[in-house]
Student: 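Quick one: structure below, then a few questions.
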Amino acid sequence: MNIFENYLSQIIKLIKLNKDVLKLQNLDNLKNVNLEVPPAHINFDLSTNISLVLSKANKINPNNLANNIKDLLLDKITHFDKIEVAGPGFLNIKLSKEGIISNINDIFKNRDVYGSKKSNEKYNIEFVSANPTGPMHVGHCRGAIFGDVLSNLLLFNGNDVVKEYYINDYGNQIKNFVESVYLRLREIKFKEKFVAKEHLYPGNYIKDIASKIIKKNENIKINNFKDSFEKLKELSLEGSMLLIKNDLKQLGIVHDNFFSETNLVKKDLVNKAVKELQSKNYVEKGYLDPPKGELTKDWKKIKRLIFKSTTFGDDTDRALQKNDGTWTYFANDVAYHSDKINRKFNKLINILGADHTGYIKRISAAVTALSDKKVELNCKVCQLVKLYKDGKPFKMSKRAGDFISVQDLLKEVNKDSIRFMMLSRSNDVELDFDFDKVKEKTKDNPVYYVQYAYARINSIIKTLDKNLSDNIIINSESFNLNEYEKKILRKIFEWPKIVESASYKFEPHKIPFYLYELSTLFHSYWSKGNEDENFKFIEKGKIKRSESLSFIYLIAIVIKNGMKILGVSTPEKM
RNA sequence: GCGUUCGUAGCUCAACUGGAUAGAGCGCCUGACUUCGGAUCAGGAGGUUGAGGGUUCAAAUCCUUCCGGGCGCACCA
């Protein structure tokens, strides 16, 4: 339980007990009451809107109520030292010395898990799921890191999390990919010239995959594409997935499960899923209207199986069968999600690229239908990454094969910078990724700024011949905080709140922002010593005040916990 | 046309499921290095939160109508 939850529950308990004294009849909207960090210019530790919320429901003056609550809290909660009624009726609270020390000790006790909030859900989080037709490019990077960090965040809170990659190894794109490998194989073996056609993959990595296949399978039959397809598909996919897994590994991402679309079809899971939808009466055999937007050439009016996704708010019903009667990509995906439900996950998360926004309604509808509204599917969309180099936009073209791969990126920038940078914006906003900035080792590059704060802390600890895992004992007799330390402490107390809101809305970007702010406070705290001797931490190799030592430790604990969630290293020296 | 998403300082973005005087970084201006590591710090200027209307003690946040940008709109994947 964090500091806010702890005190809020105490406050609410007291209000309930003293309902009559406070002349409150209606306590229905107590859930709207919050306890939070006051704005920066207000010199208090906590702030609550309780009298504003309750005065409305009970039609009484918020200021009078606030004063009554103030007296009650000061009387009953020993950790509260001073309370002021401010603005329209906020209660600002200062903690007593015992309160502060008790909360600090709590942090030292919890250490690695400080900030986590116990939760016990079973999550499946699907991310990356890049087509297995080649290595990853920069565009995949954002969703990959977003998904990984979100997983870390949910794990930090004690949830059960399975990180999953859906391999789209079925359908036309794969066929084209395998054909490209096939032609490269013939190029190597029969010296046939590879003729680049529109539907084929031009990249050099196809050659690499082909030559690896030949090395391992000298006698592979490639006389006829149709006959060798199955075997070749298996080998080609092995090759491309190896590339992708290597890219992911270098970014610090490891999936728990790779789920193959082909297997889904082989195991007949699609039939089963469609039958299940049919039994629930969400499928009909009928005609779809032609698409509304631009005219499409190949549209045909054919009777086919249709999922009635409009029942759940989709714009139009969706086809489960193609013209030739085989299943659509969507039908397969329905089966995949049905399988997730059958594996007893109660929370599903999909991380998608911006170009899949239009897909969310139909797949959510399918999950709702299949689970009888019991399982929640949350789709998070990562907007585009715009690359900049030398101040100019850097265009990519996948068709021409001149896209920037994750490998290209890693050649220039380290993993830590990439991860931190990719999370430095909310996922639903486009992100400018500037090659030059991300290489800088200055304040312009926030990852170094945060790492540097941590390294500085370590340099102090080393000077004192101490260890970060040491137990800090706070001497309550002489414990006295200066203004900077009070500011820092409030920030430290805020950490659990940041974790909570980041997990609640699936918005991991709040963590880098917070860590940056915390680091700012630290660098400023540190620099006070440059201006004023009295603020130096160390004198003749010894710590001057035990308070400052405990603060350094607190900051280090939080930075470490935060960076661990981000999957970014915290070097002790830089 | 429909859906979706965004619009906040010159630029790039925050703002904790409606809170107090809307905050950072960059850029610009001023200052601090025989340094407890300057990969840093201190200070300053900079705003009608795209526009109008509504809901309420309280709106950048919710509703509504416009305006503008992104993405999507096959039975493809």
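Treat the numbers as computed from the prediction; the structure is a model and nothing was measured. Chain letters run A, B, ... following the sequence lines, proteins first and then strands; every chain starts at 1.
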Student: Does OP1 or OP2 of rG38(B) have a side-chain N or O of Arg456(A) closer than 4.0 Å?
Tutor: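 Result: yes.
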
Student: Stacking between Phe513(A) and rA14(B), defined as ring centres under 5.5 angstrom apart with planes under 30°, is that present or not?
Tutor: no

Student: Once you apply a heavy-atom cut-off of 4.0 Å, does Val381(A) come out as touching a base, just sugar-phosphate, or nothing?
Tutor: nothing

Student: With respect to the side chain of His41(A), which nucleotide from rU21(B), rU56(B), rA42(B) is positioned closest?
Tutor: rU21(B)

Student: Looking only at side-chain N and O atoms, does Asn34(A) come under 4.0 Å of OP1 or OP2 in rC16(B)?
Tutor: no

Student: Answer with base, sugar-phosphate or nothing: what part of the nucleic acid does Asn172(A) contact at a heavy-atom distance below 4.0 Å?
Tutor: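 Sugar-phosphate contact only - Asn172(A) comes under 4.0 Å of backbone atoms but never of a base.
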
Student: Please check the phosphate of rG38(B) (OP1 and OP2 only) for any side-chain N or O of Trp526(A) closer than 4.0 Å.
Tutor: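 It does, given that an N or O in the side chain of Trp526(A) lies less than 4.0 Å from OP1 or OP2 of rG38(B).
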
Student: Let's see if you can work this out: which of rC6(B), rG70(B), rC71(B) has an atom nearest to the side-chain heavy atoms of Asp355(A)?
Tutor: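 Among the listed nucleotides, the one closest to the side chain of Asp355(A) is rC71(B).
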
Student: Which of the following nucleotides, rG19(B), rA77(B), rA39(B), is nearest to the side chain of Tyr448(A)?
Tutor: rA39(B)

Student: For a quick check of understanding: with a heavy-atom distance under 4.0 Å over all strands, which category does Ala502(A) fall into, base, sugar-phosphate or nothing?
Tutor: nothing

Student: Report yes or no: is the cationic atom of Lys380(A) (NZ for Lys, CZ for Arg) closer than 6.0 Å to the six-membered ring centre of Phe146(A), at no more than 45° off its axis?
Tutor: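 Judged by the rule (NZ or CZ under 6.0 Å from the ring centre, within 45° of its axis), Lys380(A) is not positioned above Phe146(A).
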
Student: Taking any heavy-atom pair under 4.0 Å as a contact, classify Ser47(A): base, sugar-phosphate, or nothing.
Tutor: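 Base, at least one base heavy atom under 4.0 Å.
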
Student: Between Phe537(A) and Tyr525(A), is the ring centre distance below 6.0 Å?
Tutor: yes

Student: How far does the P atom of rG47(B) sit from the matching atom of rA51(B), given to the nearest Å?
Tutor: 14 Å

Student: Quick one: which of rA39(B), rA20(B), rG38(B) gets closest to the side chain of Asn92(A)?
Tutor: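 In terms of side-chain proximity for Asn92(A), the closest of rA39(B), rA20(B), rG38(B) is rA20(B).
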
Student: Taking the C1' atom in each of rA9(B) and rA22(B), what is the distance between them to the nearest angstrom?
Tutor: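 Roughly 11 Å separates the two C1' atoms.
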
Student: Given rG37(B), rG19(B), rC71(B), identify the nucleotide with an atom nearest to the side chain of Pro88(A).
Tutor: rG19(B)

Student: In whole Å, measure the gap between the P atoms of rU49(B) and rG7(B) for me.
Tutor: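 Rounded to whole Å, the distance is 14 Å.
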
Student: Classify Arg304(A) by what it touches in the nucleic acid, base, sugar-phosphate, or nothing, heavy-atom distance under 4.0 Å.
Tutor: base

Student: Using a 4.0 Å heavy-atom cut-off, does Leu52(A) contact any base of the nucleic acid, only the sugar-phosphate backbone, or nothing at all?
Tutor: base

Student: For atom P, what is the distance between rA39(B) and rC33(B), given to the nearest Å?
Tutor: 15 Å

Student: Could you give the distance separating rG69(B) and rA32(B) at their C1' atoms, to the nearest angstrom?
Tutor: 44 Å

Student: OP1 or OP2 of rA77(B) less than 4.0 angstrom from a side-chain nitrogen or oxygen of Lys322(A), does that happen here?
Tutor: yes

Student: What interatomic distance, in whole Å, is found between C1' of rU56(B) and the corresponding atom of rG18(B)?
Tutor: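 The answer is 10 Å between these two C1' atoms.
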
Student: Which part of the nucleic acid does Tyr170(A) contact within heavy-atom distance under 4.0 Å: base, sugar-phosphate only, or nothing?
Tutor: sugar-phosphate

Student: When the P atoms of rG44(B) and rU35(B) are considered, how many whole Å apart are they?
Tutor: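 Pairwise P distance, rG44(B) against rU35(B), rounds to 28 Å.
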
Student: Does a side-chain N or O of Lys361(A) approach OP1 or OP2 of rC73(B) to a distance below 4.0 Å, or not?
Tutor: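 No, no such contact exists.
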
Student: Within the structure shown, what part of the strands sits under 4.0 Å from Gly87(A) by heavy-atom distance: base, sugar-phosphate, or nothing?
Tutor: nothing

Student: Report the nucleotide, chosen from rC71(B), rA15(B), rA20(B), that has the shortest atom-to-atom distance to any side-chain atom of His509(A).
Tutor: rA15(B)

Student: Pick base, sugar-phosphate or nothing for Lys505(A), based on heavy-atom distances below 4.0 Å to the nucleic acid.
Tutor: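 Contact class for Lys505(A): none.
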
Student: I'd like to know if Glu494(A) pairs up with Lys497(A) as an ion pair, taking the criterion as any Lys NZ or Arg NE/NH1/NH2 lying under 4.0 Å from an Asp or Glu carboxylate oxygen.
Tutor: no

Student: Under a 4.0 Å threshold between the charged nitrogen and the carboxylate oxygen, would Lys117(A) count as salt-bridged to Glu5(A)?
Tutor: yes

Student: Could you state the NZ-P distance from Lys536(A) to rC41(B), rounded to the nearest angstrom?
Tutor: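 For the pair Lys536(A) NZ and rC41(B) P, the rounded distance is 17 Å.
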
Student: Determine: side-chain N/O of Thr357(A) to OP1/OP2 of rC71(B), distance under 4.0 Å, yes or no.
Tutor: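 Looking at the OP1 and OP2 atoms of rC71(B), neither is under 4.0 Å from any side-chain N or O of Thr357(A).
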
Student: Is His523(A) stacked against the base of rU40(B), taking the criterion as centroid distance under 5.5 angstrom and interplanar angle under 30°?
Tutor: no

Student: How far, in whole Å, is rA24(B) from rC66(B) if one measures between their P atoms?
Tutor: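 Their P atoms lie roughly 38 Å apart.
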
Student: Nearest of rC76(B), rG70(B), rA39(B) to any side-chain atom of Thr328(A)?
Tutor: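 Closest nucleotide among those given: rC76(B).
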
Student: Just checking Pro39(A): base, sugar-phosphate only, or nothing, at a heavy-atom cut-off of under 4.0 Å?
Tutor: base

Student: Using OP1 and OP2 only, check whether a side-chain N or O of Tyr516(A) sits under 4.0 Å from rC26(B).
Tutor: no

Student: Determine: side-chain N/O of Ser524(A) to OP1/OP2 of rU40(B), distance under 4.0 Å, yes or no.
Tutor: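 No.
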
Student: Please report the closest heavy-atom contact between Ile559(A) and Ser519(A), naming both atoms and the distance.
Tutor: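 Residues Ile559(A) and Ser519(A), closest heavy atoms: CD1-OG, 4.2 Å.
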
Student: Can you give the dot-bracket line for RNA chain B, where a pair is Watson-Crick or G-U wobble with both atom distances under 3.5 Å, crossing pairs use [ ], and | marks a partner on another strand?
Tutor: (((((((..((((.....[...)))).(((((.......))))).....(((((..]....))))))))))))....

Student: In plain terms, say whether Lys197(A) and Glu179(A) are close enough for a salt bridge, that is, a side-chain N and a carboxylate O under 4.0 Å apart.
Tutor: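 A salt bridge is absent here (no side-chain N lies under 4.0 Å from a carboxylate O).
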
Student: Could you check which of rG37(B), rC41(B), rA20(B) has an atom nearest any side-chain atom of Ala86(A)?
Tutor: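 Shortest atom-to-atom distance from the side chain points to rA20(B).
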
Student: Dump the intermediate steps for side-chain contact (heavy atoms from CB on, under 4.5 Å) on Val33(A) and Asn49(A), then the final yes or no.
Tutor: CA-CA 6 Å; Val33(A) 172; Asn49(A) 63 351; 3.9 Å; yes

Student: Looking for any heavy atom pair under 4.0 Å, which part of the strands does Ile42(A) touch: base, sugar-phosphate only, or nothing?
Tutor: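 Here Ile42(A) touches the bases of the nucleic acid.
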
